[in-house]
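Just so you know, these numbers use all the heavy atoms, side chains as well, and skip hydrogens, waters and symmetry mates. The chains referred to below are lettered A, B, ... by the order of the sequence lines, with proteins before strands, and numbering in each begins at 1.
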There are 2 protein chains.
Amino acid sequence: MKNAVRKQKEKDNLRQIIMDAARELFVTKGYEAVSMRKIAERIEYSPTTIYLYFEDKVDLMTQICEQTFAKLTRNIKAINRKIADPIEALRAGMHEYVNFGLRHPSHYLLLFNTRVPEEPRIAFAESNGKIAFETLREAVKACADAHKLSSKDVDLVSQTLWTGIHGVTSLLITQNHFPFVNRKKLIANAIDTMIDGAMK
Amino acid sequence: MKNAVRKQKEKDNLRQIIMDAARELFVTKGYEAVSMRKIAERIEYSPTTIYLYFEDKVDLMTQICEQTFAKLTRNIKAINRKIADPIEALRAGMHEYVNFGLRHPSHYLLLFNTRVPEEPRIAFAESNGKIAFETLREAVKACADAHKLSSKDVDLVSQTLWTGIHGVTSLLITQNHFPFVNRKKLIANAIDTMIDGAMK
DNA sequence: TCATTTACTTAACACTGTTAATATACATAA
DNA sequence: TTATGTATATTAACAGTGTTAAGTAAATGA
């Protein structure tokens, strides 16, 4: 009962310990393949203990995703601050989005590849997934303000670009048996094609 | 035991009856929410009977998807035959792909939004998903042959276009709580943006 | 010291996909 | 006709799932 892992726990941080263990399992084995019992086993608590800190399995995964996507937003914001040319900032942000998705495939799939029939757990307006999109939208707005885009409809353009980068990210994660051309080349071409199309 | 639904069965078509019942359930409730027992209940057979006709649940869904995607391929092929201008044929084929996905969301998600760690059940080369992609590739080849594209790399271009239309399809299915602009407008803009970008 | 709160566990429920063993119906052979 | 063999379908069970209700043990406060 009381061993190394458990000793590591100091008051009130069991919640983060659960999230850390769950994150690693979700990322390596995938959401469906990880059971609450397996998470509990790894941290050497009973399965029901997890329910003292999280409503259910979806809530646990959602909380983990929120942490992850807050980081994506920070990364894109940093890029937008660093690169002056709005088109190049946008391009770099799109690259970061795709690569971030490929680095966190389980999180990415849960947030963007799962049909949610019920109301989402976190009001979408406040979710970090939405905030990440908003950050992309700001980059598009900057391009529009600099008269670099053929359309004035910032929402239409940002949503179009979002569907584009989501497409590469999603297919590269899920269809790993497909004979893709060089991945980097495909990512770059997809992004460049869309930016070219939006600038015309 | 022997009632209307069951009587309807004539020798050897129980397999198709299972597929029909399962398809309807998968489409309306989603793959995960449909259990083998519920399918069995609907056709008034015992759950294990299904295993006489299909290896397991994944096999059942895979067979259903194959039927569905064979139809998508036929639709796109018909479009390619009917429209002479290669760019307009490509554009129309891409529209058909997206709309088909939106008409068959469960099938679409299973084929393209699910990570498959193991070897796929059906050799990918023969799968109807792949054949549908090949049909799109032929349309791109026709555009390249007519010198309409800025790149000569047909694989790179077709994969780029595929990721693009997959992106719209996938996000429109899964993120139904997102405040998208008008759906038709978004689909058209995504397709036009990518074609413009590929033509340059 | 006793009552109350906090943190955690045990046992159980209702479900899942799937398998092994068993029963039933039906076609063919004697 | 009866007997045998072969599909076809069912029952019972296994090992697993997410989750809840009830119970325990330790810490806290009066």
Is it the case that R23(A) and Q67(A) place a side-chain donor and acceptor less than 3.5 Å from each other?
-> yes
In whole Å, what is the span from the CD atom of E55(B) to the C1' atom of dT19(C)?
-> 14 Å
Distance-only donor-acceptor check, side chains H104(A) and T68(A), under 3.5 Å = no
Please report, rounded to the nearest Å, how far the P atom of dT17(D) is from the CD1 atom of I39(A).
-> 11 Å
Between CG on residue N80(A) and CG on residue N75(A), distance to nearest 0.5 Å = 11.0 Å
Residues within residues 19-35 of chain B bordering DNA chain C, heavy-atom distance below 4.0 Å | V34(B), S35(B)
Whichever of R37(A) and S46(A) has the more 5' nearest nucleotide on DNA chain C, that residue is S46(A)
May I ask you to test the Y108(A)-F100(A) pair for a side-chain heavy-atom distance under 4.5 Å?
-> no
Does a side chain donor of either D20(B) or Q16(B) reach within less than 3.5 Å of an acceptor in the other side chain?
-> yes
Out of dC8(C), dT20(D), dA9(D), whichever nucleotide has its closest atom nearest the side chain of T49(A) | dC8(C)
Rounded to the Å, how far apart are Y53(A) OH and dT19(D) P?
-> 18 Å
Kindly indicate whether the side chain of I187(B), heavy atoms from C-beta on, has any atom under 4.5 Å from the side chain of L172(B).
-> yes
Between K38(B) (NZ) and dC15(C) (C1'), how many Å, whole number?
-> 9 Å
note: L52(B), atom CG; dA23(C), atom P; distance rounded to Å ~ 17 Å
Roughly, in whole Å, what's the span from CG in L60(A) to P in dG18(D)?
-> 11 Å
How close or far is atom P of dT20(D) from atom CG of D56(A), stated in whole angstroms?
-> 8 Å
Is the distance between the ring centroids of F69(B) and F112(B) less than 6.0 Å?
-> yes
Donor-acceptor pair under 3.5 Å, T48(B) side chain vs dT11(D) base | yes
For DNA chain C, produce a single dot-bracket line, 5' to 3'. Pairs: Watson-Crick or G-U wobble, both distances under 3.5 Å. Symbols: ( ) within strand, [ ] crossing, | other strand, . unpaired.
-> ||||||||||||||||||||||||||||||
Length of the CE-C1' vector between M36(A) and dT16(C), whole Å = 17 Å
Could you tabulate the donor-acceptor pairs under 3.5 Å formed by side-chain atoms of residues 27-39 of chain A, not counting sequence neighbours?
{"unit_1": "T28(A)", "atom_1": "OG1", "unit_2": "E24(A)", "atom_2": "O", "d": "2.9"}
{"unit_1": "T28(A)", "atom_1": "OG1", "unit_2": "L25(A)", "atom_2": "O", "d": "3.3"}
{"unit_1": "S35(A)", "atom_1": "OG", "unit_2": "K38(A)", "atom_2": "N", "d": "3.1"}

Going by atom types alone, do Q63(A) and D59(A) pair a side-chain donor with an acceptor below 3.5 Å?
-> yes
